[in-house]
Amino acid sequence: MTPTKWKRGRMIGSGGFGKVYKCFDANSNRVFAVKYVEFEVQSHLVQAEFQALSNEIKILEGVKHERIVQCYGCRSTPDALAIFLEYIPGGSLFDHIREFGACSEHITQHYTLQILQGLTYLHGNKIVHRDIKAANILRVDNGNIKLADFGLSKQLDDISAAKGLKTKQVGTPYWMAPELLKQKGEYGQNVDLWSVGCTVVEMLTKEPPFIKYPPIMAVHRIINCDHPRYMLPAGSSTHLQDFLKITFKVYSVDRTSAAELLKHPFVAECHSNYETNPKQEIDHWKKEKDELLKALHNQKDQTSRLQYKIDQLMKKNKDLEDTIEQIRKEKAELSNCLHMEQNENCRLKEKLAVYEKKCTSNEEKIEKETIIPQKRKRTLSPQLLATTKDFLCKVTGALETPCSSTCPHVIGQHENQISQSGEGDLHRYMKTCTKNPGHAGFIPVVKFSLDDLPATHREENLLKFIKAAADLTVRINVTMTSQHRPEYWPTSNVPYFLYNLRESQHLRTGSGIIHGVEKNTQGPCPCCKCKHSSQASNVWWKLNVVTAATLVFDDIEASNATLRLFYDREYSPLLILKDNLSVEKKDIMSDRSLLRCVTCDKKLGEKLEKMLASYLCIKKKVLDRYSEYRNVHKLMFIVSHPHGCSKHVSIGQWLNVYTLANGKYKFTYHTGTCPGSSGASVHYIGFGTYVHCGSLTSGLNYSSS
Ligand SMILES: Nc1ncnc2c1ncn2[C@@H]1O[C@H](COP(=O)(O)OP(=O)(O)OP(=O)(O)O)[C@@H](O)[C@H]1O
C-alpha cells in the first residue's frame, strides 16, 4: 500500500536518477525508503515517459520476493516522482565492500546464490533487471541481500534520453553485457547474467573487470573481448572459475539461465538463507574460528621466533660490548707498554751510542794491530815501489833478504774482514770501505759478461772460465782465532797476523775456492748427522777448499768456520757447509791452507763434481790458449767476497812476477781486493791459480807463491 501521509527523513544515498531518503508514513506507521526522481522539463514527450514509468512501477508493486526490494508505488509532486521502496537498513554491498574490503569466496558464494534467486524470480516474471552491480544489492541486517533498482532503468533511460530529468544519468558500462552496449543491440534477460559475473568479480576484488579503462574504452573492450580479464584472489576455487566462464560467454545465447546457474557447484552447496541454516552457520564460524586459531598459533610462533632473535641479538650485542670493553682495556695497556718501550728505546739508544763508541775504539785497536795507518801507507808507498828488491824480503818470498820487526813490506794487510758485531755489519763495511770506495772495479758475478773483458780477450772460453771459477768460490767465516797462532813469522821477528787476538772470538771473513771433490762409497758418511743415525749414508763426498793460512790457521779455527756456497747475489739461498771442517794441509810461508769438509747431500755432491770437472777442463783450454802471451797482456782476475758480501769479480793486470828461490812465482797487482778477499783464488791468465794474501804497505796486492 502506497504511503499517503508520509514525511521525508534524512537522505540515505543518491544515484544516477535522484536522491534516496528515509521516510515515515503516519498512516501505516511504517518506515520506507523514498527515491525522488526530479523532473527537468514538463514536455508532452516527458509526460508520456513518466506515465510509462508510473505504469511500470505499478507492475513492480506486484513483484514480491524475499530477494527483491519491495516497491510500494509512487506519488507525483510538482517537480518529482517519489517512488516508495522497502527500507533496507544494511546499506548497499558496494558501501559494505568499500568499508570492510572484498568478500571471501565463501560469502561471495552466498550473495551470488541470493542474487541468482532474485534474478530467477524476476526473469520468471519477464522482468530484466539491467543494472545488477554491488551498488544495487542491499544488505539486510541478518546478512542476506535483496536486489534493488530493478526494472526501472529502461524507463529512466528513456526519460533521460528525452532530457526530462534534472540529474543526468552518467552511464557506468563496466557491469554491462556486450550486447547491451552495442548500438541498437538487441538484448534479453541474459544481460543480467553477464552483470552477475561482473558483480562476483567486484565482490572478490572490489572492482569489476575493465575498471582501469575510461568508460568509452571499457565499452570498446567489453564489446570486443573473448573473455574479460581479471585477477582472482590466490587459491580461488575451480568452481568459481568455471562459474565465471559461463557468465562471461560473449554470446548471450551461450549463457546459462539464472535458474540453471543455481545448480552450479559454485552456489549449489550453499544454503539459501544465512539465518535459516544455523548448522551451516555454525560450521562456517567453526571454520573461521579454526582459521583464527591457526593464525593465532602462527602469530605466537612468529612472536616466539622474534623474541628468540631479539634475545640472540641482545646477547650478541652484550658480547660485542664486552669485546669493545676488552679491546679498550688492551689498547690502554698497549699504549702503556708502547710508552714504556719508547722509554726503554731511548735508554738503549744512549747505551748503543756508548757501545758504538767503544766498538770504534776497539776497531781502531784492531786496525793498529793489523793495518798500516793510511797516513803511513800514503807516505811510504812511492819509495817502496821504487826498489823491487826491497819487496823480496824473507816473508814475502825472497829468502836471501832477512826481515826484521820493522820490515815495512811484510806488515801487509792480510785481508780478512774482521767484524766485532758479526755478520750484520758486513754491509756497513762494504759501504764505508776506504780501500776501494764505491768498489768500481768489482763486478757482481751475476752481471759479469763478455763486455767486461778487455777487447783483446773478449772470448767465450775465457768468460766460461771466469764463471766456472766463480761457481766454485766460497765465502769462509771464522769465529775463533786460535791460540796456536805463532808470535812471529817463521825464522823472523816479524809479528804473525792476529797473534794479539789469539783465543778471542770475533767474526773474520774471507774467500776460498773448491779445489777438489772426491766421491766416497766406502764406509758410512762421517758427517754429524750420519754419525748419529742408524741409516748413515754410504755415499758421501770429500771437498777440498784452498784458502789463506792467515784466514784459517788450524783445526781449531776450522772447527769454528763455515763455508757459504753459491753466494752469488745478496738474496741467494743460504747453503752452508761446516761438517768435519778441518785443515788438511797448511803452508805458513806461502800463506795457503787446504781445508777439508764432507757432505752426503747427493745432489750437491754430484753438482760440485760436474762443476769442478768443467772448471778444470776450461782452465786447461785457457792456459793453452794464452800461455805464450801471458807476459804480454798480464791479464788476471780474482773472484772474492769483498767485506764478506756476495761474490764479485775484479779483473786487471798483474804488475810484477818474481821467481822465488824455490822456483815458485810471486805476483803483485793493483787488481781490486778488499778485506774479505783474503784466501780468494787469483787467476793469472796463461800462468795458473794462486791465493790472494793481502796488500802491502805500498798499496800493492800480492798473492801466495
Ligand atoms: N530501499 C532502500 N533502502 C535503503 N537504502 C536504499 C534503498 N534504496 C537505495 N538506498 C540507498 O541509496 C543509495 C542510492 O540508491 P540509488 O538506487 O538511487 O542509486 P544507485 O543504485 O547507487 O545508482 P543508480 O541509480 O545509478 O543505479 C543506495 O546506494 C543505497 O545506499
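Everything quoted here is computed from the prediction, not taken from an experiment. Ligands are counted one by one from 1 in listed order, and the atoms in each one are counted from 1 as well.
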Exercise for the section: Examine the proximity of ligand 1 to Lys19 and report which part, side chain or backbone, both or neither, has a heavy atom under 4.0 Å away. Expected result: neither
Problem - Contacting atoms of ligand 1, where contact means under 4.0 angstrom from a heavy atom of Ala33 - result: 1 (N), 2 (C), 3 (N)
Completion exercise
Logged contact type for Pro89 with ligand 1, heavy-atom cut-off 4.0 Å, is neither
Practice task
Check each atom of ligand 1 against the heavy atoms of Lys35 and keep those under 4.0 Å away; list them by number with element.
Solution key: 16 (P), 17 (O), 18 (O), 25 (O)
Practice task
Looking only at distances, please establish whether an N/O atom of ligand 1 is found under 3.5 Å from an N/O atom of Tyr87.
Solution key: no
Problem - Contacts of His264 that satisfy ring pair (Phe, Tyr, Trp, His ring centres under 6.0 Å) - sequence neighbours left out - result: Phe243
Problem - Pairing of Arg328 and Glu325 as salt bridge, 4.0 angstrom limit - result: yes
Problem - For Tyr87, ring pair (Phe, Tyr, Trp, His ring centres under 6.0 Å) partners two or more places apart - result: none
Fill in the blank from the handout: Within 4.0 Å of some non-hydrogen atom of Glu86, the atoms of ligand 1 are 1 (N), 2 (C), 3 (N)
Handout entry: Stacked cation flag Arg30 on Tyr72, 6.0 angstrom / 45 deg
Key = yes
Handout entry: Lys/Arg N to Asp/Glu carboxylate O, Lys315 vs Asp311, below 4.0 Å
Key = no
Problem - Polar atom proximity, Gly91 to ligand 1 (N or O, under 3.5 Å) - result: no
Handout entry: Ion pair Arg139/Asp95, N-O distance below 4.0 Å
Key = no
Handout entry: Pairwise side-chain contact, Lys331 with Leu334, heavy-atom cut-off 4.5 Å (strictly under)
Key = no
Exercise for the section: May I ask you to list the atoms of ligand 1 that are less than 4.0 angstrom from any heavy atom of Val69? Expected result: 1 (N)
Problem - Per-atom contacts, ligand 1 versus Asp95 - under 4.0 Å to a heavy atom - result: 31 (O)
Exercise for the section: Select the closest option to atom 2 (C) of ligand 1 among Thr172, Leu138, Leu85, judged by heavy-atom distance. Expected result: Leu138
Handout entry: Atoms in ligand 1 flagged as close to Asp131, the criterion being non-hydrogen separation under 4.0 Å
Key = 27 (O)
Exercise for the section: May I ask you to decide if the ring planes of His110 and His106 are parallel, tilted or perpendicular, using 30° and 60° as cut-offs? Expected result: perpendicular
Practice task
Give a yes/no on ligand 1: does Ser14 have at least one heavy atom closer than 4.0 angstrom to it?
Solution key: yes
Handout entry: Where Ala148 and His129 come nearest, the two heavy atoms and their spacing
Key = O-NE2, 2.7 Å
Completion exercise
Under 4.0 Å between heavy atoms, the region of Ala148 that gets near ligand 1 turns out to be neither
